[in-house]
**Q** 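Got a structure for you, questions after.
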Amino acid sequence: MSKLLRQSFVLLLLMTVITGVLYPLAATGLAQLIFPRQANGSLIVQDGKPVGSVLIGQSFTDPKYFWGRPSATTPNPYNASASSGSNLGPTNPALTDTVRQRIAALRAVDPGNTAPVPVDLVTASGSGLDPEISPAAAQYQLARVAKARGLGTAQVQALVSEFTRGRQLGVLGEPRVNVLQLNLALDAHRFASSPPRGED
Amino acid sequence: MTANDYLQIGLYLAVLLLLVKPLGAYMALVFADTPNRVTRAGGGIERGIYRLCGIQADEDMGWRRYAGAMLLFNVSGLLVVYALQRLQLWLPLNPQHFGAVSADSAMNTAISFATNTNWQGYGGESTMSYLTQMLGLAVQNFLSAATGIAVLIAVIRGFSRRSASGLGNFWVDLTRSTLYLLLPLSLLMTLLLVSQGVVQNFRPYLDVPVVQTATVSEPVMDAAGNPEKDAAGNAVMKPVRVSTQTLPMGPAASQIAIKQLGTNGGGFFNVNSAHPFENPTPLSDFLELLAILLIPASLCYTFGAMVGDRRQGWSLLAVMLVIFIPLLLACTAAEQAGNPLLTQLGVDQHASALQAGGNMEGKETRFGIVDSTLWATATTAASNGSVNAMHDSFTPLGGLVPMWLIQLGEVIFGGVGSGLYGMLAFAVVAVFIAGLMVGRTPEYLGKKIEAYEMKMASLAVLIPCALVVIGTAIAVMVPAGAAGVANPGAHGFSEMLYAVSSASNNNGSAFAGLSANTPFWNVLLGVCMFLARYPLIVAMLAMAGALAAKRHVPESAGTLPTHTPLFVTLLACVVIVVGALTFLPALALGPIVESLSGH
């Protein structure tokens with residue numbers, strides 16, 4: 001028994017060093033060497049300062065921005081230090097109530113739009129940090145954003161297309177639009193060129 | 001279902017099956033009794049480890065000693081994880097200054113990671129220091145996986161050895177699966193994942209400004225950290241301006257690689273692989289998904305190679321696929337159909353070129369429906385338990401599939417090692433039933449199956465079933481059990497049934513609405529996880545010990561061939577009948593009644 005105890009104790013110690021120290025250090029070293037941008041959070045840098053991550057969404061409620069997926073994190077949406085889904089069951093009345101409110105909020109800022117609302121725009125994402133929406137959800141909001149910014153829909157469409165990605169390798173996942181990148185580009189657009197107002 | 005749904009499922013299964021033979025053959029070399037090119041390549045490091053530990057690599061352990069070494073090693077690992085959580089406040093690599101984890105939660109988590117369950121009652125990014133994650137949780141990700149593989153190899157030796165007294169050496173099997181299999185695969189996987197955007201660093205969390213600032217209401221906290229209440233008992237709220245976002249960081253990729261490969265499933269972040277830093281792109285999703293089933297599927301080939309008849313391995317893999325594929329399609333169809341309650345509100349859930357459609361609550365845009373259901377099915381078929389979508393928000397029938405896959409005993413692929421030794425227990429039961437039908441002594445792989453082996457195999461099959469049924473009964477009878485439920489009605493019962501099923505089969509996924517970080521749930525699930533793992537392993541090792549001692553019975557006209565479609569069908573039926581008879585009544589009270597009432 002004492003022999004087994006010793007073997008067990010020393011092996012646990014060695015394995016802890018190998019898999020708990022050497023392995024993550026080697027992995028970090030290689031990752032920082034080969035993929036430094038990705039390993040450090042795929043940050044968006046403007047004027048030398050990080051202004052967000054390509055991979056982590058932010059909360060948008062202003063009509064002049066594209067809105068992302070609803071987020072169920074607490075206490076505020078898109079709280080990246082406490083990722084969470086809603087965990088509402090499909091028949092829970094709280095789910096239908098919440099979706100109804102989200103539809104009302106979308107309609108309130110865009111009264112003329114009576115199209116059915118794309119499902120991803122009114123359902124909470126799994127992480128509460130989803131950086132992307134479906135192209136359908138972007139199309140649904142396009143006219144509203146263009147109007148709020150006094151831009152032509154063609155100009156906004158061009159930006160949407162720029163930040164739309166198809167299925168990876170042509171097969172994997174789903175087509176999607178990065179909301180934070182798109183909104184940052186919209187804001188930059190305002191300063192970069194004075195848009196012709198009212199043109200459509 | 002859409003054409004792309006079928007395409008992605010087909011691609012996934014094709015790549016998986018293509019890798020089974022090369023990896024399976026490699027593992028057969030790793031665990032071979034005779035030295036070969038694989039074991040010679042790392043021989044120096046291996047011998048160094050044995051010398052430091054005082055291990056005689058050629059010591060052949062009987063099943064009792066093998067089980068003793070396994071238990072001793074696992075319990076000491078469990079104690080280390082407990083201690084790290086309780087002491088992390090005073091230990092280094094804790095940039096967020098997280099306090100000590102409560103005793104019941106730390107106990108639950110220690111058992112959870114040692115037993116390869118990786119049930120998580122806590123949120124990673126808000127609870128665990130980098131040191132606890134690395135030295136405690138990630139280490140157990142390796143060692144619990146290596147333990148499962150070691151036990152499987154010992155059980156296989158029970159069939160392949162003749163008139164032998166030993167099952168091999170636990171220390172050697174454990175060391176080899178870590179050094180030759182899990183570490184190199186994990187390192188490769190880490191780099192692939194980082195290339196897609198999974199974080200891997202030791203930096204503190206990063207504050208960035210948000211584009212649109214907002215004002216939200218937050219509860220006011222008193223000095224003790226509890227929300228203050230006004231005279232009417234409502235929480236006192238204060239407006240808070242949100243102008244920054246705190247991005248979590250950490251050595252995530254290295255831990256995620258092994259969590260997927262070792263069928264552990266414990267996420268670095270709270271929402272596991274739904275988190276964009278844990279699973280950023282469809283390609284990272286494909287790789288993590290592949291890693292879930294890669295080793296469990298390949299071990300079938302290793303089994304065939306080690307017992308000297310590869311057809312035996314393929315037939316067990318066929319049983320797994322025969323059950324897996326229909327359930328996967330059912331889950332995908334249910335989720336792609338969407339939630340009819342939302343259609344009534346004017347929500348567009350149709351799949352088109354512009355959107356995945358379907359039931360998107362709790363799912364990520366980049367994964368849509370099919371990547372989410374593929375994951376949900378694979379992670380519960382294997383006892384992985386990681387998630388990339390919230391199972392609690394699946395449609396009733398979509399959520400039934402992962403729950404039932406868990407309840408089938410985690411033998412459809414199952415955990416690394418544990419899935420296949422569980423399936424071998426079912427195979428023994430199946431040949432016994434076939435033997436009863438035709439009135440012959442049952443035999444499997446040239447070994448007579450007698451009363452003792454049957455008792456041990458039955459124990460292995462029945463322990464998880466009993467734990468699920470008894471554990472759920474306790475949870476619904478005790479007020480502290482139902483107190484954790486988040487959703488009303490039948491769905492609330494599903495949350496409890498899912499939690500106990502998950503713990504009692506060492507899966508670890510959840511209907512996550514359940515508030516399970518309470519003393520009652522931590523203790524109940526901790527006990528379930530422990531009893532589902534170790535007594536079952538001991539029963540399997542006892543069976544293997546008895547089998548190894550037996551002589552080889554040559555095949556005769558009365559032998560039931562166990563590599564034919566007939567046997568595949570028989571074994572699949574046994575697995576399904578045990579799972580259906582035990583759990584259909586409970587499932588009827590949960591997802592089935594919810595489906596009938598609300599949909």
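In what follows, chains are A, B, ... by sequence order, proteins preceding strands, each numbered from 1. No hydrogens, no waters, no symmetry mates; every other heavy atom, side chains included, goes into these values. None of these values were measured; they are calculated from a predicted model.
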**Q** Sort A:Leu13 into side chain, backbone, both or neither according to what part of it lies under 4.5 angstrom from a heavy atom of chain B.
**A** neither

**Q** Checking B:Ser186 against chain A: side chain, backbone, both or neither under 4.5 Å from a heavy atom?
**A** both

**Q** Given heavy-atom pairs under 4.5 angstrom as the criterion, report whether the side chain, backbone, both or neither of A:Thr61 touches chain B.
**A**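 The answer is both parts of A:Thr61.
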
**Q** Between A:Gln168 and B:Gln196, does any side-chain donor sit less than 3.5 Å from a side-chain acceptor?
**A**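 Per modelled atom types, A:Gln168 and B:Gln196 side chains form a pair under 3.5 Å.
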
**Q** Donor-acceptor pair, A:Tyr23 side chain versus B:Ser254 backbone, under 3.5 Å?
**A**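 It does hold such a pair.
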
**Q** A:Leu4 versus chain B, heavy atoms under 4.5 Å apart: side chain, backbone, both or neither?
**A**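 Interface part for A:Leu4: both.
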
**Q** Which bit of A:Ile133 comes within less than 4.5 Å of chain B, counting heavy atoms only: side chain, backbone, both or neither?
**A**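 A:Ile133 touches chain B through backbone heavy atoms alone.
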
**Q** Of all heavy-atom pairs between A:Phe60 and B:Gln212, which one has the smallest distance, and what is that distance?
**A** CA-OE1, 3.3 Å

**Q** Is A:Leu5 in contact with chain B via its backbone, its side chain, both, or neither, using a 4.5 Å heavy-atom distance?
**A** both

**Q** How long is the straight-line distance from CD of A:Glu174 back to CG of B:Asn4, given to the nearest 0.5 Å?
**A** 6.0 Å

**Q** Considering all heavy atoms of both residues, which atom of B:Gln200 and which atom of A:Ala31 are nearest to each other, and what is their separation?
**A** CG-CB, 3.9 Å

**Q** For the interface with chain A, which of B:Leu135, B:Asp371, B:Val211, B:Ile55 has the highest count of heavy-atom pairs at distances below 4.5 Å?
**A** B:Val211

**Q** Checking heavy atoms, do the side chain of A:Lys3, its backbone, both or neither come under 4.5 Å from chain B?
**A** side chain

**Q** Which one wins on heavy-atom pair count under 4.5 Å against chain A: B:Asn270, B:Leu182, B:Val216?
**A** B:Asn270

**Q** Does atom CD1 of B:Ile45 have more than 12 heavy-atom neighbours from other groups under 6.0 Å away?
**A**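 Atom CD1 in B:Ile45 is not packed in, count stays at 12 or less.
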
**Q** CG of A:Leu11 to CG of B:Leu143: how many Å apart, nearest 0.5 Å?
**A** 8.0 Å

**Q** Side chain, backbone, both or neither: which part of A:Leu184 has an atom under 4.5 Å from a heavy atom of chain B?
**A**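 Just the side chain, heavy atoms under 4.5 Å.
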
**Q** Could you please spell out the steps behind the side-chain contact (heavy atoms from CB on, under 4.5 Å) verdict for B:Val199 and A:Asn40?
**A** CA-CA 6 Å; B:Val199 292; A:Asn40 295 320; over 6 Å; no

**Q** Calculate, to the nearest 0.5 Å, the distance between atoms OG1 and CD belonging to B:Thr281 and A:Glu132 respectively.
**A** 9.5 Å

**Q** How long is the straight-line distance from OG1 of B:Thr175 back to CE of A:Met15, given to the nearest 0.5 Å?
**A** 4.0 Å

**Q** Could you check whether any side-chain N or O of B:Asn339 sits under 3.5 Å from a backbone N or O of A:Pro90, counting only pairs where one atom can act as donor and the other as acceptor?
**A**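 Yes; judged by distance alone, with no hydrogens or angles, the pair exists.
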
**Q** Only one of B:Glu364, B:Gln355, B:Lys363 clears side-chain contact (heavy atoms from CB on, under 4.5 Å) with A:Asp120; which?
**A**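 Answer to the side-chain contact (heavy atoms from CB on, under 4.5 Å) test with A:Asp120 among B:Glu364, B:Gln355, B:Lys363: B:Gln355.
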
**Q** If you count heavy-atom pairs within less than 4.5 Å of chain A, which of B:Thr190, B:Ile258, B:Leu52 leads?
**A**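 Of the candidates given, the most pairs with chain A belong to B:Leu52.
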
**Q** Any heavy-atom pair between the side chains of B:Tyr12 and A:Leu172 that's under 4.5 Å?
**A**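 Result no, sub-4.5 Å side-chain heavy-atom pair not found.
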
**Q** Select, from B:Gln344, B:Arg366, B:Gln349, the one with the greatest count of heavy-atom pairs under 4.5 Å involving chain A.
**A**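 That would be B:Arg366.
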
**Q** Tell me which of these, B:Pro276, B:Pro280, B:Gly513, has more heavy-atom pairs under 4.5 Å with chain A than the rest.
**A** B:Pro276

**Q** Is it true that a side-chain atom of B:Gln8 and a backbone atom of A:Gly173 form a donor plus acceptor pair closer than 3.5 Å?
**A** yes

**Q** Can you tell which part of A:Pro93 gets under 4.5 Å to a heavy atom of chain B, answering side chain, backbone, both or neither?
**A**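 It is the side chain, since no backbone atom gets that close.
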
**Q** Would you mind checking which part of A:Arg100 comes under 4.5 Å of any heavy atom in chain B, side chain (CB onward), backbone (N, CA, C, O), both or neither?
**A** both

**Q** How close do A:Thr19 and B:Thr178 get, heavy atom to heavy atom, and via which atoms?
**A**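 Taking every non-hydrogen atom into account, CG2-CG2, 3.7 Å.
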
**Q** Evaluate B:Cys53 against A:Leu14 for side-chain contact (heavy atoms from CB on, under 4.5 Å), listing each step before the verdict.
**A** CA-CA 9 Å; B:Cys53 302; A:Leu14 286 177; 3.6 Å; yes

**Q** So what's closer than 4.5 Å to chain B heavy atoms on A:Asn183: side chain, backbone, both or neither?
**A** neither

**Q** Can you tell me if CZ on A:Arg167 sees more than 12 non-hydrogen neighbours from other groups inside 6.0 Å?
**A**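 Yes, the 6.0 Å shell around CZ holds more than 12 heavy atoms from other groups.
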
**Q** If you tally heavy-atom pairs under 4.5 Å against chain A, which of B:Pro209, B:Pro251, B:Ala138 wins?
**A**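 Max contact count across the listed options: B:Pro209.
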
**Q** Using side-chain contact (heavy atoms from CB on, under 4.5 Å), reason through B:Phe269 and A:Ser127 one step at a time and then give a plain yes or no.
**A** CA-CA 10 Å; B:Phe269 302 112; A:Ser127 62; over 6 Å; no

**Q** Search all heavy atoms of A:Ile103 against all heavy atoms of B:Leu345 and return the closest pair with its distance.
**A**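 Between these two residues, the closest heavy atoms are CD1-O, 3.5 Å.
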
**Q** Identify every side-chain donor-acceptor pair in residues 81-88 of chain A under 3.5 Å, counting partners at least two apart or on other chains, and give the distances.
**A**
| unit_1 | atom_1 | unit_2 | atom_2 | d |
| --- | --- | --- | --- | --- |
| A:Ser81 | OG | A:Asn79 | OD1 | 2.8 |
| A:Ser83 | OG | B:Glu125 | OE2 | 2.7 |
| A:Ser83 | OG | B:Val271 | N | 3.3 |
| A:Ser86 | OG | A:Leu88 | N | 3.1 |
| A:Ser86 | OG | B:Glu361 | OE2 | 2.5 |

**Q** Taking the side chain as every heavy atom from C-beta outward, state whether A:Thr123 and B:Leu342 have any pair of such atoms under 4.5 Å apart.
**A** yes

**Q** Of all the heavy-atom pairs spanning B:Leu341 and A:Thr91, show the shortest one and how long it is.
**A** CD1-CA, 3.9 Å

**Q** Where does A:Tyr78 contact chain B at under 4.5 Å (heavy atoms): side chain, backbone, both or neither?
**A** both

**Q** For A:Thr28, is there any backbone N or O sitting under 3.5 Å from a side-chain donor or acceptor partner on B:Asn201?
**A**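 Absent.
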
**Q** State the CZ-CD distance between B:Phe202 and A:Gln32, to the nearest 0.5 angstrom.
**A**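 Separation between the atoms: 9.5 Å.
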
